[in-house]
Amino acid sequence: ADGTIASTVTTDAIRANVIEVVSTVKNNIPTATGTAVTETQNLKVEILKGKHIGQTVVIQNVIDNSKQNTYKLAKGDDVFLSISEDANGTITEANIYQIARDNQLLYLLGAFALSMILIGGSKGIKSIFTLAFTVIMVLKVFLTYTLKGYDPITLSIIICIAISIVTLTVVGGLNRK
């Protein structure tokens, strides 16, 4: 031993795209009730974000129908990887962390906003604005100040009052009530 310690750095949620399904192998696994069939895909993926952008790696994707969150992937699918690196920054291991669903969520959000506008008209637009204000207040103000050590109950009360005032004023307008 030369006295050095090998260090590994793991980074999660690195976006990659499946550029090729290299091979798919079906496996028959004996169980107490018969045989379970799993598939193992060898996938060539290109890293789309982070310091390894443009690099390709071959990873395995095991499809086991008895477990949740296992998907058969095809060319063009986006995934998030968990990448392990050695001390030099070379990728030593890459695994599928999650299937990328953010584009589908954006489409769903767009459909929601469009339906709010079509159904609600100007009130729908105002409601979208106040919903966005609420999300910003919770994610940016509440979480930030809670993590800085402020009392979450007091913050909740103040933020709820602010959200209520803004929502009632924007959607309902100013009146004597």
Side-chain angles (χ1 to χ4, degrees), residues 8-19 41 43-57 59 61-65 67-85 89 91 93-177:
T8 302
V9 176
T10 302
T11 309
D12 288 335
I14 302 297
R15 183 179 281 278
N17 181 268
V18 177
I19 56 175
Q41 290 181 305
L43 305 168
K44 188 175 192 179
V45 298
E46 179 182 5
I47 298 172
L48 302 175
K49 301 268 181 168
K51 67 179 182 180
H52 298 289
I53 190 167
Q55 291 184 15
T56 59
V57 291
I59 59 173
N61 178 36
V62 178
I63 305 154
D64 184 352
N65 291 330
K67 296 181 181 174
Q68 63 182 7
N69 295 330
T70 59
Y71 303 96
K72 189 169 191 171
L73 298 171
K75 181 179 178 179
D77 288 344
D78 282 348
V79 295
F80 290 113
L81 300 179
S82 174
I83 295 176
S84 297
E85 306 171 332
I91 298 173
E93 184 180 5
N95 297 300
I96 294 176
Y97 175 70
Q98 189 75 260
I99 305 299
R101 296 182 187 94
D102 52 343
N103 289 337
Q104 291 87 343
L105 288 174
L106 289 175
Y107 297 145
L108 191 59
L109 181 64
F112 172 72
L114 184 63
S115 65
M116 289 281 290
I117 293 168
L118 291 176
I119 293 170
S122 65
K123 289 227 187 235
I125 294 170
K126 292 175 183 178
S127 296
I128 291 170
F129 170 75
T130 57
L131 182 61
F133 177 75
T134 301
V135 168
I136 290 168
M137 289 295 287
V138 170
L139 295 180
K140 295 291 184 184
V141 177
F142 179 75
L143 289 178
T144 301
Y145 285 102
T146 301
L147 293 173
K148 287 183 179 181
Y150 288 87
D151 179 36
I153 295 174
T154 305
L155 281 173
S156 297
I157 292 169
I158 293 169
I159 289 172
C160 284
I161 291 170
I163 290 171
S164 297
I165 291 171
V166 169
T167 301
L168 292 173
T169 304
V170 170
V171 174
L174 289 174
N175 56 41
R176 293 188 148 235
K177 294 181 190 177

Residue pair I158 / Y150, side-chain heavy-atom distance below 4.5 Å: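 I158 vs Y150: side chains apart.
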Side-chain heavy atoms of D77 within contact of I99, under 4.5 Å: no
Write down the atom of [X], the atom of [Y], and the distance for their closest heavy-atom approach.
X    : Y    : answer
F142 : S156 : CE1-OG, 3.3 Å
G89  : H52  : O-CE1, 2.9 Å
A16  : L81  : CB-CD1, 3.6 Å
K72  : N61  : CA-ND2, 4.4 Å
R15  : A100 : NH1-CB, 3.6 Å
L139 : L143 : O-CB, 3.4 Å

Step-by-step side chain to side chain contact (heavy atoms under 4.5 Å, CB included) determination, L48 to D78: CA-CA 9 Å; L48 302 175; D78 282 348; 4.2 Å; yes
Step-by-step side chain to side chain contact (heavy atoms under 4.5 Å, CB included) determination, L73 to I96: CA-CA 11 Å; L73 298 171; I96 294 176; 3.5 Å; yes
Which distance, rounded to the nearest 0.5 Å, do you find between the [atom1] of [X] and the [atom2] of [Y]?
X    : Y    : atom1 : atom2 : answer
T56  : I91  : OG1   : CD1   : 9.0 Å
T167 : K126 : OG1   : NZ    : 12.5 Å
F80  : K49  : CZ    : NZ    : 9.0 Å
S164 : I159 : OG    : CD1   : 11.5 Å
I14  : I47  : CD1   : CD1   : 7.5 Å

Residue pair L105, L109: steps toward the side chain to side chain contact (heavy atoms under 4.5 Å, CB included) verdict: CA-CA 6 Å; L105 288 174; L109 181 64; over 6 Å; no
Cation-pi check, K148 onto Y145 ring (under 6.0 Å, within 45° of axis):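 Cation-pi check for K148 and Y145: passes.
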More than 12 heavy atoms from other groups under 6.0 Å of CD1 on I153: no
Over 12 foreign heavy atoms within 6.0 Å of OH, Y71: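 For Y71, atom OH is crowded (more than 12 foreign heavy atoms under 6.0 Å).
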D64 backbone acceptor or donor facing T70 side chain under 3.5 Å: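 Checking the backbone N and O of D64 against the side chain of T70, a donor-acceptor pair under 3.5 Å is found.
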Side-chain (T169) to main-chain (V166) donor-acceptor, under 3.5 angstrom: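 Side chain of T169 to backbone of V166, a donor-acceptor pair under 3.5 Å: no, none is there.
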V57 vs I83, side chain to side chain contact (heavy atoms under 4.5 Å, CB included): CA-CA, chis, key distance, verdict: CA-CA 10 Å; V57 291; I83 295 176; over 6 Å; no
Positive for side-chain contact (heavy atoms from CB on, under 4.5 Å) with T130, one of V135, L168, V171: V171
